[in-house]
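Data block below; observations after.
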Amino acid sequence: MSTTSVRTWPGSPAPTAEEVFAFADLEIGAAAAEHWPHAHLDLGAHVPGVTGYVRRIVVDGRPLYAKYSLLGVSLVSLLRGTCGPWPQVQAAQQQYVLRPDNLVEREAAQLRLLLDAGRPRVCPVVGVGQGVLFTEAVAGPSLAQLLLQRPEQSTELLVGTFDRLHGLHHRPAAQWLGSARISGERSIAGTFQRKFNGLSGPVYVQRLGADRCPVGDREKVVAGLRQVVVRLQQLRARVLPQSRDGYWPTAISNPNTCSTPTGSTSRRCSSTPAYCRPVQPSTWRN
């Protein structure tokens, strides 16, 4: 299996949320029944998110969370048709969940490592299998909630978070986890590559906030983000090696994880000119 660039499949309908969620519910129920064959199971409410599909589940009165990952990509990308039409996604998913390096297996390994390390506080893993990760809940607000509640303390909150992670930012920590357990899909570089690479990147930027932001405010934000993306793409081009044929080398676990039958493990690097549209002075200031 290899990775391919995020793209839509022309002429083929993208999966619908209804069929994806219904399928994930069945898979979660089947995984729970296999893990706890004699327990009373009660599938609870859906927990909205943009990465994996998450449901609350109660096992013999014990409240847990069940996360299901389809092909290791975000739900947003999947529903945009990144991995093809729904029958193709289902067929690929049957093979993906059998892989020992599927995303939830790697996430479970990381959670167990962090739990053993004692910091930061993470949710304990209860079980994993068939593409489903079962965890306990962790009490307290998330970092995202704190940032929304206390925007004036953003610096302190982020510095405090990185302080707690400092002990993991060294070579022995990576060796403990092992390269096979790294989740490249969730790295900062991987997320940037997935969202802003290729032809879909400029479209993604241009659509930012289209359904939620006032037109005037959105134009300013889009113009600013477009400039940031251009700068980061240019920086990436300077600091990362590029092969003569114009392809960036990528790892199998890198961000664009839709499985394809090809043997290629590289993708065409993006070109920044698509981002370089004229920006009026009234909508962007340095």
Are any of the side-chain nitrogens in E156 or R150 under 4.0 Å away from the carboxylate oxygens of its partner? no
Taking D60 first and then R62, would you say they form a salt bridge - that is, a charged N and a carboxylate O separated by under 4.0 Å?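 Answer for the salt bridge query: no.
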If I compare all heavy atoms of [X] with all of [Y], which pair ends up nearest, and what's the gap?
X	Y	result
E136	C123	O-CB, 3.1 Å
L78	P15	O-CD, 3.5 Å
F134	I28	CZ-O, 4.1 Å
G129	A31	O-CB, 3.9 Å
S69	L103	OG-CD2, 3.7 Å
L133	E107	CD2-OE1, 4.1 Å

Hits for ring-ring contact (aromatic ring centres under 6.0 Å, His included) against Y68, two or more places apart or cross-chain, chain-then-number order -> none
For F23, the ring-ring contact (aromatic ring centres under 6.0 Å, His included) test, sequence neighbours excluded, returns W86
Within a strict 4.5 Å, meaning less than it, do heavy atoms of the [X] and [Y] side chains meet?
X	Y	result
T135	L64	no
Y53	V132	no
Q149	L146	yes
L43	D25	yes
I57	D42	no
L41	V58	no

Atom [atom1] of [X] and atom [atom2] of [Y]: how far apart are they, to the nearest 0.5 Å?
X	Y	atom1	atom2	result
Q95	R99	CD	CZ	10.0 Å
L147	L158	CG	CG	5.5 Å
Y96	N102	OH	CG	5.0 Å
R164	L114	CZ	CG	11.0 Å
R106	D101	CZ	CG	5.5 Å
Q94	Q90	CD	CD	7.5 Å

Would a hydrophobic clustering, with Ile, Leu, Val, Met, Phe, Trp and Tyr connected at side-chain separations under 4.5 Å, put [X] with [Y]?
X	Y	answer
V221	V228	yes
V222	L232	yes
L115	V104	yes

Note to self: Can you confirm whether the side chains of Q130 and E34 place a donor and an acceptor under 3.5 Å from each other?
What the structure shows: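 Judged by distance alone, the side chains do pair up.
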Hydrogens and angles aside, do R55 and Y65 bring a side-chain donor and acceptor to less than 3.5 Å of each other?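 Absent: no donor and acceptor within the cut-off.
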CA sep, side-chain torsions, deciding dist, call: L75, V20, side chain to side chain contact (heavy atoms under 4.5 Å, CB included) | CA-CA 9 Å; L75 287 176; V20 170; 4.3 Å; yes
Exercise. Within the distance-only criterion (no hydrogens, no angle test), does the side chain of E19 pair as donor or acceptor with the backbone N or O of T16 below 3.5 angstrom?
Worked result: yes
Practice item. Check whether any side-chain N or O of Q233 sits under 3.5 Å from a backbone N or O of V230 as a donor-acceptor pair, and report yes or no. Key: no
Quiz item: Is there a side chain to side chain contact (heavy atoms under 4.5 Å, CB included) between H46 and V54 once you walk through the steps?
Solution: CA-CA 6 Å; H46 170 221; V54 180; 5.6 Å; no
Discussion item. A quick test of your reading: do over 12 heavy atoms of other residues, nucleotides or ligands sit less than 6.0 Å from CZ of R218?
Written reply: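 Counting neighbours around CZ of R218, more than 12 heavy atoms of other residues, nucleotides or ligands fall under 6.0 Å, so yes.
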